[in-house]
Amino acid sequence: MTLYQNLNPEQLAAVTLPHESALILAGAGSGKTRVLTTRIAHLIQTGQASSGSLFAVTFTNKAAKEMLTRLTAMLPINTRGMWVGTFHGLANRLLRAHFRDAGLPQTFQILDSADQLGALKRLLKTLNVDDEKYPPKQLQGFINGLKDQGLRADKIDAPDPWTRKMQQLYAAYDEQCQREGVVDFAELLLRSYELLLNNAPLREHYQSRFKHILVDEFQDTNHLQYQWLKLLAGAQAAIFAVGDDDQSIYAFRGARVGNMADFERDFQVAKVIRLEQNYRSHGNILDAANALIRNNQTRLGKNLWTSDHAGEAIRVFEAASDFEEASFIVDEVKALQREGVALSDIALLYRSNAQSRVLEHALFNAAIPYRVYGGLRFFDRQEIKHALAYLRLIGNPDDDGALLRVINFPARGIGARSLEQLQDIARQSGISLWQAAQRKLLSGKAGSSIAVFTGLIESLRSACADLPLPEQVEHMLAHSGLIAHYEKEKEGEDRLENLNELINAAAGFVLEAEPETEMLSLSPNSLPRGERDADSLREIHFTSELAAFLAHASLEAGEHQAIAGADALQLMTVHAAKGLEFHAVFICGLEEGLFPHENSNREKDGLEEERRLMYVAITRARRRLTISFADTRMLHGQLRYGIASRFLEELPPQLLKRINRAVPVFAVQPAFNPKPRETDSGWHIGQAVSHAKFGHGLIIDSEGRGADARVQVSFNDAGVKWLALEYAKLEPR
DNA sequence: TTCCAACTGTTTTTT
DNA sequence: ACAGTTGGAA
C-alpha cells in the first residue's frame with residue numbers, strides 16, 4: 001500500500017503499532033515528522049480512528065501546519081475541526097469553548113511575554129513594591145516557572161521572607177489578571193488543566209473522545225504539559241510520543257527530559273522504538289555529531305547512521321577577529337554560490353543573536369542577500385501593539401494593560417497626573433481603570449480629555465458591533481487617530497504599511513469552526529440559548545470573532561514574518577534552526593564562553609544542554625559543514641580574547657580539515673569601506689567636502705531623501721556631525 | 001507634555 | 001556597542 005512505501009522497518013513498526021502507548025526515539029533527520037503523519041493516516045485508513053478522536057500536539061505553529069499539510073496530501077480528509085495544534089493553541093481552544101466553567105470572560109485576552117512583563121511592572125507600582133528588590137523580570141520567571149510546574153501561589157513552600165513576598169506577588173498578579181480578564185501563556189495551560197481536573201463531566205467527555213493522542217518533540221514538554229496529557233488520556237487512550245532526548249534544548253524554559261522516562265513507566269510502554277537511520281547528512285557529519293554527543297552522561301542512548309558515503313571533511317577555520325571570521329564566511333558563501341548552491345540552502349548559525357550584527361555588516365557590504373530569522377516579529381511592533389490594544393478595549397474595556405497603552409496614544413492630553421488619579425480610584429474601590437474613569441465622569445470632576453477618550457472607545461465599540469472583522473480594524477485605525485498620528489510622523493511610512501497589513505491579516509483570518517458548541521450545554525451554569533435576545537447574540541458573535549483574532553495575534557506572532565521572498569542566505573540562532581536542514585551550514589563563534597555560553601555553567605546540567613545545542617547545529621547540515629572561531633571579538637564594546645571551544649576538541653580530528661584563506665589576513669578590509677557610494681542626494685560616501693564653519697571633512701554616512709536628507713561628515717577639526725543638506729552649505733572639494 | 005541626557009543590562013525562545 | 005528605559009529639565 002502506498003502509505004507504507006519507502007518506510008524502513010523501524011519506521012514501519014512505529015507507524016503500524018497496535019493501540020497502545022508508545023515512545024519513538026527519533027534521531028535528527030530520521031524521518032520523525034513522516035512517521036508521525038503516516039501514523040495518523042494509518043489510524044484513519046484502517047478505521048481505528050475517526051478524525052474526531054485524534055489529538056495531535058506540537059510546540060510550534062510551523063510544525064502543526066506542516067503536519068496538516070502532509071496529512072491532507074496523504075488522505076482526502078477534512079482537517080477542519082481536527083484537534084491538531086500547539087499546546088497553547090489547543091488549550092486556548094478548550095478555554096474558549098468552556099470559558100464559563102473555566103471562570104473566564106468570553107472575550108478573555110492572551111498576554112504575550114512583553115504584555116505580561118508590563119502587567120507585572122504595573123502591579124508592583126500599584127502595590128508600592130520596590131522593583132529593585134523584586135525585579136519584574138525575576139518575578140516573571142518565578143511565576144512562569146511555578147505555573148509550568150502546575151503550582152499556584154498557595155501551593156508553594158516559602159522558607160524565607162523574600163520568597164514569601166514573591167509568593168504574595170504571584171497571588172496578587174493572578175488576581176489582577178482575573179480582574180482584567182487576561183491570561184498569560186502559562187496560564188492557558190494551567191487553567192485548562194484545572195478545568196479538566198475539577199470538572200468531571202467535561203473531563204470524561206474529552207477522555208472518551210480522544211482515543212489517540214500524538215505528541216511531537218516530547219523531550220520539550222514541561223511538567224505541566226505532561227500532567228495535562230496524562231489527564232487528557234483516559235483509560236482507552238493511547239499516547240504516541242515522538243522525541244529525541246539529544247535534541248532537548250529548552251530546559252531553560254522548563255522542558256523536562258525526565259518526562260520521557262516517566263512516560264515509559266506511567267504508560268507501561270512495552271518497548272521503545274529507535275529511529276537511528278539518518279537520511280539527511282553525509283557520514284562525516286553524522287560521525288562528528290555522534291562523537292560529540294557521546295560526551296553527555298545523561299542520555300537514553302542512540303547512535304545515528306547513514307548508508308550514504310562519508311562525504312567532505314568538516315572544515316574548521318580560525319580567524320584573528322570576528323571581522324575576519326565574517327569576511328571568511330562571505331568568501332565561502334560566494335564560492336558555494338559559484339558551485340550553484342542556492343543561498344536559501346545555506347545557513348549561518350550562531351549561539352546568540354548579538355553575533356548577527358558583524359555578519360550582517362559583512363554580507364551587506366558584499367551585496368549578498370540574506371534573511372535574519374527571529375528578529376522583531378510583526379505582532380510585536382509598536383504600532384501593531386497599539387492597534388491591538390484598541391481592539392482589546394473594544395472587546396473588553398476592563399483590560400487595564402490595553403487601556404494604559406493607548407489612553408494617551410496618540411497624545412490627547414492625559415498626563416501622568418490624571419492617570420494617577422484614575423489609578424487611585426481604581427485601587428481604592430478595586431475596580432478597573434475604565435470603571436474608575438466612568439465613575440469620575442459621573443462625579444463631574446473628570447477632565448474633558450478623559451471624557452473624549454471614553455467617548456471614543458464607546459463609539460468605536462458601537463460602530464464595530466455591526467461590522468465584519470476587517471472593517472472593525474479599519475474603522476478603529478481611522479477613528480482612533482493612529483493613522484493620523486503616523487501620517488504626521490516623519491518616518492511613519494513603514495508603520496502605516498504595517499497597520500494596513502493588519503487589516504489584511506484580519507481579512508485573511510477565518511474564525512475556526514467551533515466543533516465544541518454542543519459542549520456548552522454540558523456546563524450546568526451556562527446560559528440557555530432562550531435567554532439571549534437577538535442583540536446580545538449578535539454582540540457575542542462580534543466579540544468572539546474579535547477575541548479569536550486577538551488570540552491568534554498573540555499565539556501566532558511569528559507566522560507573519562515568514563514571507564517567502566527572493567533567494568537569500570539564512571541567518572539564525574541554533575535554537576531557531578531546530579527542525580530545519582540545509583545543504584551547507586556555517587556554525588560560527590565556537591569559542592569558550594560563547595559556545596558553550598559562559599552563563600550555562602551556572603545552571604545545573606547547563607554544559608550538557610550546550611552540547612546538545614551543538615549537536616543540533618551539526619545535524620542541520622546535509623553536505624558541507626564549516627565551523628569557525630575567532631581569537632578576538634568585540635563584546636559589549638570591549639575587545640575579548642577567546643580560545644577555541646571545547647566542543648571542537650570533542651570532534652574526532654580525522655574528520656576535520658583546518659583551512660586557511662587564499663587571501664592574506666592583512667588584506668582584509670576593516671569594517672569601514674571607503675569606496676565611494678552614491679547617496680540619494682547626489683553626494684557620495686567618502687567624498688571630501690568643506691563647510692564654512694567646520695572646515696574640511698569627509699562624508700562617512702547618509703540618510704533620508706529630499707528635504708530630510710542628511711549626511712554625516714567627519715571633520716578634520718570639528719569632529720563628526722550630522723548635517724541637513726537643506727540648510728548646511730556644503731561645498732565639494 | 002516633550003525632549004534629551006544619563007543610566008542599565010545585555011543566552012538561548014515559543015507560545 | 002548599543003538599544004531601551006528612566007529621570008530631570010524645559
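Heavy-atom basis, side chains included; hydrogens, waters and symmetry copies ignored. Residue numbers begin at 1 in each chain, while the letters A, B, ... track the order of the sequences.
Residue A:S248 holds its OG atom at 12.5 Å from CZ of A:R299, rounded to the nearest 0.5 Å. Taking CD of A:Q570 as the start and CZ of A:R371 as the end, the distance is 6.0 Å to the nearest 0.5 Å.
Atom CD of A:Q140 is separated from atom P of B:dT14 by 15 Å (rounded to the nearest Å). For A:H552 and B:dT15, the NE2 to P distance is 12 Å, given to the nearest whole Å. A:F252 has its CZ atom 12 Å from the P atom of B:dT11, to the nearest Å. The separation between A:F59 atom CZ and B:dT13 atom C1' is 12 Å, rounded to whole Å. Computed from coordinates, the A:D216 CG to B:dT14 P distance equals 16 Å when rounded to whole Å. Rounded to an integer number of Å, the gap from A:N144 CG to B:dT13 C1' is 12 Å. B:dT15 atom C1' lies 15 Å from atom CG of A:L190, rounded to whole Å.
When the side-chain contact (heavy atoms from CB on, under 4.5 Å) test is applied to A:I643, the partners found at least two apart in sequence or on another chain are A:E592. The ring-ring contact (aromatic ring centres under 6.0 Å, His included) check on A:F586 picks up nothing, with sequence neighbours excluded. Evaluation of the ring-ring contact (aromatic ring centres under 6.0 Å, His included) rule for A:Y370 yields no partner, not counting sequence neighbours.
A donor-acceptor pair is defined here as one N or O able to donate and one able to accept, closer than 3.5 Å; no such pair exists between the side chain of A:D244 and the backbone of A:Q219.
With contacts defined as side-chain heavy-atom distances shorter than 4.5 Å, the pair A:V574/A:Y615 does not qualify.
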In 5'-to-3' order, the base (B), backbone-only (S) or no-contact (-) status of each nucleotide in nucleotides 3-10 of chain B, using a 4.0 angstrom heavy-atom cut-off, is -------B
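Sorted by first then second residue, the salt bridge (charged side-chain N to carboxylate O under 4.0 Å, His left out) pairs that include residues 219-228 of chain A, not counting sequence neighbours, are A:D220-A:K578.
With hydrogens and angles ignored, no donor-acceptor pair closer than 3.5 Å exists between the side chain of A:R253 and the base of B:dT12. Side-chain N/O atoms of A:S113 and base N/O atoms of B:dT15 include a donor-acceptor pair closer than 3.5 Å.
Mapped onto DNA chain B by nearest heavy atom, A:A411 and A:E609 fall at different nucleotides, with A:A411 at the one closer to the 5' end.
When ring centroids are compared, A:H98 and A:Y206 come within the 6.0 Å threshold.
Protein chain A contacts DNA chain C over a range whose 5' and 3' limits, counting nucleotides with an atom under 4.0 angstrom from a non-hydrogen atom, are C:dA1 to C:dC2.
Relative to the side chain of A:R351, the nucleotides B:dT15, B:dT13, B:dT11 differ in distance, and B:dT11 lies closest.
Contact check, A:T573 against B:dT13: a side-chain N or O comes under 4.0 Å of OP1 or OP2.
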